[in-house]
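As the structure lists them, so they are numbered: ligands from 1, and atoms in each ligand from 1. Just so it is clear, the structure is predicted and the values come from calculations on it, not from any experiment. For the numbers below, each heavy atom of this structure counts, side chains included, while hydrogens, waters and symmetry mates do not.
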Amino acid sequence: MCKKCFVTTPIYYASGTPQLGNSYSTVACDVFARYHRQSNHETFYLTGMDEHGQKIEEKAKEAGLKPQDFVDGIAAKAKAVWKDLDISYDYFIRTTDENHVKTVQQIFERLLKQDDIYLGSYSGAYCVSCETFFTKTQLNEDGTCPDCGKPTKIVSEEAYFLRLSKYQDRLLKYIKDHPDFIMPETRKNEVVSFIESGLDDLCVSRTSFKWGIPVLSNPKHVVYVWIDALTNYISALGYLQEDDQKFKDYWLSGVNTYHVIGKDILRFHAVYWPIMLMALDLPLNFKLIAHGWILARDGKMSKSRGNAVYPNYLYDRYGSDSVRYYLVKEMPLGNDGLFSYDRFIERYNNDLVNDYGNLVSRTFSMVDKYFNSIIPANYKETAFDKNLEDKISEVIAEVNKAFTEFRLQDAVEKTWELIRRANKYIDETTPWSLVKDENRKDELASVMYHLIEVIRIATVLASPYLVKTSKIVLDALNVNSNTFVDLKFGHDYKNHQLHKIEHLFDRLDVSKELAYFSTLNETKEVKEEVKEINEISIEDFSKVELKVGVVLECKKHENADKLLVSKIKIGNEVRQIVSGIAKYYQPEEFVGKKVIVVTNLKKAIIRGVESNGMVLCAEDGKNLEIVTVKDAESGASVR
Ligand code: MSP
């Protein structure tokens, strides 16, 4: 029977491009969603972007952009990363979407009306970075934020509060009555003791900044970003909107709903969100799956710690499947996983090249050589076949169970047990000696058939994470199904012809790859930041007036070694321009060049000399070169 599933990943916080750590939730959830789809469950996978709050307001300001323009840029980048990582979401919600905003506002008003939200005043230690107030006992000893370690500041303001205390006992009872509400068990225990220690009412509005959803009845307040963000799970389905069919189908009808989250945002999902739903009289029909963190060499990987690895460093060079593979393979449910470049290379070489890639290429070339690429249908079993067949059945059952329970790492490990078992089977059956004996051709056929079956089955089992590779292999096998439904040994190939297989994974040279990674750490991370801050619109760019000019005269600045002072003819006009290029050009080398000048720059006095414009140069950190043109006339516009 077709089950329905609603799978969500936390909406990504729009403060910068996703790094590998916060890509984990999205990749893991994608693997989970694909597994359900391939099991014939009607699956709706929701992701999106969390775009409000003080931190974003500040980031936008730093970048010289309006907050909306800033988040539009980040949304485009995040979507590009998700596309490159083969994330198969069904809907991408943004908390600046009009429908979402309206739903949040209506929820707030309703809770206000029924007195679950009330107006009070707040004074406490607030972490801008985490958008969270902390009580004294929660803060680090030095008063810094317990989550990110940054300084907090005391904020006092009139604010609305959500009555968490009213729902505390009901929530505790719910958690106790539903043992699988929070997975894994350790996280559930954390939540229970947090609730048992007593819930203070939650401050759910802010007046100290503007970039948020205004409270309808009191617009000087904006809704607390977590109340805003958590609502996405139902606003995306159309809750309180004209078209709420999806909400009826995926929330009210009690389908399997999974919120996949990182452990750092457990409290918001296991306490605030259920209480919001209780207050709204909506069913709590979801399961919470809290995964650990991807750790870098010095702790949790995050942009603010400066240890972030960006997914494109990896997928640009090794393909998205290797990144997806690494993430699911290295993260045990309930624990943290480690990312390091050498470990990444090791997994790539050992698991993808040696185990899987070799099994596929050896088998394809043997079937080609011994049977002209036709999978033999008739065969006589060898002494090793039964054991392999049992292993296949065991692995299929265990992988299904592991996926269902979100033990993604176990799903990978079981699949690799089968792959390694098949490589061993080649050594046991020694097809290269069977081929020499005419009387054992039927056994050789059996070996080929069994190997092809292992490849088909292992490839389907791995297809939720090896998205591209599995397609290549299943196409080459001439099998066009990756379904988990009725997956079992014994496919009827009926003299089925294999297609040529492309090479799957190239062995990596460890020292060469480590050298590549070391250049990334120094330069690419920095570029990434600069890229984000410097993004401008075409309208902004068109404000800059660029023209071709000819350098008529040039001399050294009298009071500054690094500066040259030039007279440059631009059309009919001659301007004096000061440039910081004396280290790279002698004045006489500069004369006669046709350069590009920014002509609408405000005049400036540089070390006592007036400068009216700027000459464009290219600089790579070591060298500097003036940008010149050959044929364009002085005064020509540059676009
Ligand atoms: N915007 C909130 C979520 C709101 S959901 C109603 C948020 N966004 S986030 O971008 O900071 O994090 C997105 C996801 O990445 C979260 O599940 C978070 O736990 C996860 N991770 C962030 N850094 C991580 C690692 N280093 N490792 C694994 N996951 C981590 O939180």
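- Considering backbone and side-chain N/O atoms, Ile261 never comes within less than 3.5 Å of an N/O atom of ligand 1.
- When each atom of ligand 1 is checked for a heavy atom of Gly262 under 4.0 Å away, the hits are 17 (O), 19 (O).
- For Asp30 and Arg324, the salt-bridge test passes: some basic side-chain N is under 4.0 Å from an acidic carboxylate O.
- When the options Ser15, Gly53, Pro10, Gly21 are ranked by their closest heavy atom to atom 29 (N) of ligand 1, first place goes to Gly21.
- Centroid-to-centroid, the aromatic rings of His269 and Phe286 stay 6.0 Å apart or farther.
- Distances shorter than 4.0 angstrom do not occur between any heavy atom of Ser23 and any atom of ligand 1.
- Residues Lys113 and Glu109 are not paired through a salt bridge, judged by the lack of any N-O separation under 4.0 Å between the basic side chain and the carboxylate.
- Between atom 13 (C) of ligand 1 and the options Leu295, Thr95, Asn22, the minimum heavy-atom separation is to Asn22.
- Using a cut-off of 4.0 Å between Lys/Arg side-chain N and Asp/Glu carboxylate O, Lys263 and Glu190 are scored as not salt-bridged.
- Taking 4.0 Å as the cut-off, Tyr233 counts as a neighbour of ligand 1 on heavy-atom distance.
- Checked for salt-bridge contact, Lys248 and Asp244 meet the test: a charged N lies under 4.0 Å from a carboxylate O.
- In terms of protein heavy-atom proximity, atom 18 (C) of ligand 1 is closest to Asp264 OD1, 3.6 Å.
- Looking only at heavy atoms of the protein, atom 31 (O) of ligand 1 is closest to Ile265 CG2, 3.5 Å.
- Note on Lys300 versus Asp336: no salt bridge recorded, every NZ/NE/NH1/NH2 to OD/OE distance being 4.0 Å or above.
- If you check each of Glu51, Lys263, Met301, Met49 against atom 26 (N) of ligand 1, the one with the closest non-hydrogen atom is Met301.
- Salt bridge annotation for Glu42-Arg37: absent, with no cationic side-chain nitrogen under 4.0 angstrom from a carboxylate oxygen.
- No heavy atom of Trp273 sits closer than 4.0 Å to any atom of ligand 1.
- Checking only distances, Tyr24 never comes within under 3.5 Å of ligand 1, N or O to N or O.
- Atoms of ligand 1 lying under 4.0 Å from any heavy atom of Asp50, numbered from 1 in the order shown and given with element: 1 (N), 2 (C), 4 (C).
- Proximity to His291 (heavy-atom distance under 4.0 Å) selects the following atoms of ligand 1: 28 (C), 29 (N).
- Looking from atom 23 (N) of ligand 1 to the surrounding protein, the closest heavy atom is Lys300 CE, 3.4 Å.
- Residue contact check: Gly292 has heavy atoms under 4.0 Å from atoms 28 (C) of ligand 1.
- Taking any N or O of Met331, backbone or side chain, none lies under 3.5 Å from an N or O belonging to ligand 1.
- Under a 4.0 Å N-O distance rule, the pair Arg110/Asp116 does not qualify as a salt bridge.
- Glu98 CD: 12 or fewer foreign heavy atoms inside a 6.0 Å radius.
- Residue-level proximity to ligand 1 for Ile294 is carried by backbone and side chain together, each with a heavy atom below 4.0 angstrom.
- Near Leu230, with a cut-off below 4.0 Å to any heavy atom, the atoms of ligand 1 are 6 (C).
- With atom 11 (O) of ligand 1 as the reference point, the heavy atom nearest to it among Tyr13, Tyr12, Phe268, Trp293 is part of Tyr13.
- Put simply, the side chain of Leu314 does not reach to within 4.5 Å of the side chain of Ser322, judged on heavy atoms.
- Aromatic ring pairs are classed by plane angle as parallel below 30°, tilted from 30° to 60° and perpendicular above 60°; the pair Phe32 and His36 is perpendicular.
- Nearest to atom 3 (C) of ligand 1 among the protein's heavy atoms is Ile11 O, 3.3 Å.
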